[in-house]
Protein chains: 2
Amino acid sequence: MSDQLGMVFGALADPSRRQVIGYLSERGTATATELTGELPMTRQAVAKHLATLADAGLVESERQGRETRYRLTEAGAEWDDRLDSLKRHLERRRR
Amino acid sequence: MSDQLGMVFGALADPSRRQVIGYLSERGTATATELTGELPMTRQAVAKHLATLADAGLVESERQGRETRYRLTEAGAEWDDRLDSLKRHLERRRR
DNA sequence: CTGTAGCGCAACTTGGAGGTTGCACATGAT
DNA sequence: ATCATGTGCAACCTCCAAGTTGCGCTACAG
């Protein structure tokens, strides 16, 4: 599909994926197996989320030896910032 | 559910719903029947999209006589602006 | 009061998202 | 050479989103 914006929003709609973005932002890089320790699901499920994020252009991967390390793309880092702003914006508004 | 941010992103992930936001931004208000003329689907489908947008807090409705008029909330109007910025941002980046 | 225009509700179908399990393959350690 | 670790692929299940059709109710017009 070529609905770039739609893919990005679709990727961001899932809380697990937003959490992955947060972790990658803190730690720089991570493997699917590492992230599995942080999320209540199997490695394969995490891998699917990472694939979705990669399709949306928010994450990129590089194979190093027998592990595959993921990191945020520039677009992904920008969205991590926007997510912070949006959360604060929502909390302000809630009262 | 209480994943406010997730609901917003989920709502924005659908191109038809983004289009509805655009129309409401241009015209101020519209009914489901009016919007049906602009989208390749039935009135009930449009009504569902409007309900999704309302759940996400992007749109609100008011019944006037026998029609129900929808308009953007403040949050919806802000997102209409952000969508414009994002589209331009994406186009710049594409080259 | 009868017709018709606009809505809402409910049932149903279909496709895809999110998750699991099982297995095969590659790579580093012993 | 063998074993363990990390990955990828594929099949499968379940649930929800998106859309349709059909029907019944409300409200304005004649």
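Naming: A, B, ... by sequence-line order, numbering from 1 per chain.
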Contact check, side chains of B:Q64 and B:T29, non-hydrogen atoms, under 4.5 Å = no
To the nearest 0.5 Å, tell me how far [X] [atom1] sits from [Y] [atom2].
| X | Y | atom1 | atom2 | result |
| --- | --- | --- | --- | --- |
| B:Q19 | B:D14 | CD | CG | 9.5 Å |
| A:I21 | A:W79 | CD1 | CH2 | 9.5 Å |
| B:Y70 | B:T31 | OH | OG1 | 9.0 Å |

remark   = With sequence neighbours left out, the residues meeting side-chain hydrogen bond (donor to acceptor under 3.5 Å, both in side chains) with B:E34 are B:R69
inquiry  = Donor-acceptor check, side chain of B:R17 to backbone of B:A11, threshold 3.5 angstrom: yes or no?
reply    = yes
note = Per-nucleotide protein contact along nucleotides 22-28 of chain C, 5' to 3', at a 4.0 Å heavy-atom cut-off (B base, S sugar-phosphate only, - neither), is B----BB
task = Anything under 4.0 Å to a heavy atom of chain B counts; send over the first and last such nucleotide of DNA chain D, read 5' to 3'.
result = D:dA18 to D:dC28
message = Would you say CD of A:E38 has more than 12 non-hydrogen atoms from neighbouring residues, nucleotides or ligands within 6.0 angstrom?
response = yes
message = Does B:E78 have more than 12 heavy atoms from other residues, nucleotides or ligands lying within 6.0 Å of its CD?
response = yes
key: Phosphate contact (C:dG6 OP1 or OP2) by B:T68 side-chain N/O below 4.0 Å   = no
Enumerate donor-acceptor pairs with a distance under 3.5 Å from any side-chain N or O in residues 51-60 of chain B to protein atoms, sequence neighbours excluded.
unit_1 : atom_1 : unit_2 : atom_2 : d
B:T52  : OG1    : B:K48  : O      : 3.1
B:E60  : OE2    : B:R71  : NE     : 3.2

inquiry  = Below 4.0 angstrom, which residues in residues 12-23 of chain A have at least one non-hydrogen atom near DNA chain D?
reply    = none
key: Rounded distance in Å - NE2 (A:H49) to C1' (C:dG16)   = 14 Å
key: Spacing between B:K48 atom NZ and C:dT13 atom P, to the nearest angstrom   = 14 Å
ask   = Touch check for B:T31, heavy atoms < 4.0 angstrom, all strands: base, sugar-phosphate only, or nothing?
value = sugar-phosphate
inquiry  = Mind checking if A:T42 touches a base, just sugar-phosphate, or nothing, with heavy atoms under 4.0 Å?
reply    = base
key: Residue pair A:T36 / A:M41: nearest heavy atoms and the distance that separates them   = CG2-O, 3.3 Å
task = Using heavy atoms to find the nearest nucleotide of DNA chain C for A:A45 and B:A32 separately, return the residue whose nucleotide is more 5′.
result = B:A32
task = Would you please name every residue forming a salt bridge (Lys or Arg N to Asp or Glu O under 4.0 Å) with B:R18, sequence neighbours left out?
result = A:D3
